[in-house]
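Accompanying notes for the structure given below.
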Number of protein chains: 2
Amino acid sequence: MSLPHALLALLDAGPMTGYELTKQFDQSADRVWHATHPQIYTELRRLEGAGLVTAREMPRGPKAKAVKRAYALTEEGGAELRRWVAQVEAPQRVRDVAYLKATYYEYAEPETVREQFEAHRAHFHEQQQRWERHVEQLRARRTELLSRRLAGAAREDHEKIVAFKVHAYQGLIERARTEVAWAERGLALVAGLDEPPDPAASAE
Amino acid sequence: MSLPHALLALLDAGPMTGYELTKQFDQSADRVWHATHPQIYTELRRLEGAGLVTAREMPRGPKAKAVKRAYALTEEGGAELRRWVAQVEAPQRVRDVAYLKATYYEYAEPETVREQFEAHRAHFHEQQQRWERHVEQLRARRTELLSRRLAGAAREDHEKIVAFKVHAYQGLIERARTEVAWAERGLALVAGLDEPPDPAASAE
DNA sequence: TGTTACATGTAAGTCGTTACATGATTAC
DNA sequence: GTAATCATGTAACGACTTACATGTAACA
């Protein structure tokens, strides 16, 4: 649903190949949208057909035995991106496995529950740190994409462009922190349930 | 992916019809998982085929011109639920339209951006309140499902059962609060960008 | 010579949404 | 009688994942 727009948004900074886009959408990248390469290559062809991007075929390496395709935004593509940004989106529906499972943790061994909260904490802690680094880079205007984007924008818009990106990633940092805190409260809860509250009332 | 388990989890409290389950999964309900009725009826038939639930056909109304099917967990269904709860899940990948869009708000009119942050705030504020009410109900053990679930569980497990559910929904409350705060910071940001920081430097 | 990174695709299948379709029962 | 709610489905389509498939180029 948002994949085409996520692609247009990245291409807005400048032309890229499907491979480069794939790396951007990778789990390990600092992106808010994830997609796999089959999805991306397919979608790029579709966008090309719709006239929202154009492809330029380029030789790979000096021997020119293979080609790669660099995609660039067309004017319609840019217009579509702007139209989409202005449009209010319906709120996403909740569908969270971790929380669904957490609701039924009474069925699992305390040890297992601990492991899961640990994993949750580790995951979001890592995300938090990655996004913190990313915000630093954004503020210093040191990221590849941002530099390219700023190069193609009016000087007086620079502050605004940076501010919105920083705000978005700051939000993700806060979100990750919230998850870390939740997992930690979860760990405390299991620890408390594990050793019964009143030693006199404990069985066997 | 988690739909079958979300269904098993609900049926764990006691038998229900597809229609009742649909209401539980509705956007307006206090659930962490969303699903639509075609998905639910289809999945129930699949679970029945797999032996994880059994269906009992019941007459609808006194005239018995139509039937409804109440689904109940089988022993294998219960076992599967327990197996699933104990299993560590791979973390979900980020895919968030609101944040994706927010990264490119420089393209939208300040008025439009404001509207979107407003909508974001309103949505999560409402969720927050709903979940707060839900936690109150859980603590007082006044929800339908929880009473049914507790009725079928050993007395000494009651505290644990309630505690995990409360913890999960508390997490969702915190999450919603984080989103509300993010939207509010966003509104402040737009307001600040709208009136240029230095009146002397403003153009026309 | 072999491994890693570059680079692009197809095919099958699952998960989820939306639209279509039908009919009974209850309350006003 | 008629509207809302109860109740259950099918069909078509779109989004996403996983497995399969292929080949080049750089580097050690």
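Predicted model, so just to flag it, every value in this text is computed and none were measured. Basis for what follows: all heavy atoms, side chains included, without hydrogens, waters or symmetry-related copies. First the proteins, then the strands, lettered A, B, ... as listed; each starts at 1.
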[X]: side chain to side chain donor-acceptor pair (under 3.5 Å) partners, not counting sequence neighbours:
X	answer
A:Arg83	A:Glu80, A:Gln87
A:Glu174	A:Arg177
B:His158	none

By ring pair (Phe, Tyr, Trp, His ring centres under 6.0 Å), which residues pair with [X], not counting sequence neighbours?
X	answer
B:Tyr99	B:Trp182
B:Tyr71	none
A:Trp84	A:His5

Between the protein and nucleotides 20-22 of chain D, list every N/O to N/O distance that falls short of 3.5 Å.
none

- Message: Between B:Arg142 and B:Glu136, does any side-chain N to carboxylate O distance fall below 4.0 Å?
- Response: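 Between B:Glu136 and B:Arg142 there is no salt bridge, as every charged N stays at least 4.0 Å from the carboxylate O atoms.
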- Query: Under a 4.0 Å N-O cut-off, is there an ion pair linking A:Glu144 with A:Arg148?
  - Reply: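 Yes, A:Glu144 and A:Arg148 are salt-bridged.
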- Mind listing the residues from residues 83-94 of chain B sitting with a heavy atom below 4.0 Å of DNA chain D? Number order is fine.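 Going residue by residue through residues 83-94 of chain B, the ones with a heavy atom under 4.0 Å of DNA chain D turn out to be B:Arg93.
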At a cut-off of 3.5 Å, list every protein nitrogen or oxygen paired with a nitrogen or oxygen from nucleotides 1-4 of chain D, distance to 0.1 Å.
none

Per-pair distances, 0.1 Å, donor-acceptor, side chain in residues 30-39 of chain A, under 3.5 Å, sequence neighbours excluded:
{"from": "A:Asp30", "atom 1": "OD2", "to": "A:His134", "atom 2": "ND1", "distance (Å)": "3.3"}
{"from": "A:Arg31", "atom 1": "NE", "to": "A:Gln24", "atom 2": "OE1", "distance (Å)": "3.1"}
{"from": "A:His34", "atom 1": "ND1", "to": "A:Phe25", "atom 2": "O", "distance (Å)": "3.2"}

- Task: Residues of residues 11-25 of chain B with any non-hydrogen atom less than 4.0 angstrom from an atom of DNA chain C: list those, numerically ordered, please.
- Result: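 Listed by number, there are none.
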- Readout for nucleotides 11-16 of chain D: B = base within 4.0 Å of protein heavy atom, S = sugar-phosphate only, - = neither; 5' to 3' it is ----SS
- Message: When you measure only distances, ignoring hydrogens and angles, does the side chain of A:Arg60 come within 3.5 Å of the base of D:dT24 through a donor and an acceptor?
- Response: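 Looking at the base of D:dT24, it does pair with a donor or acceptor on the side chain of A:Arg60 (distance under 3.5 Å).
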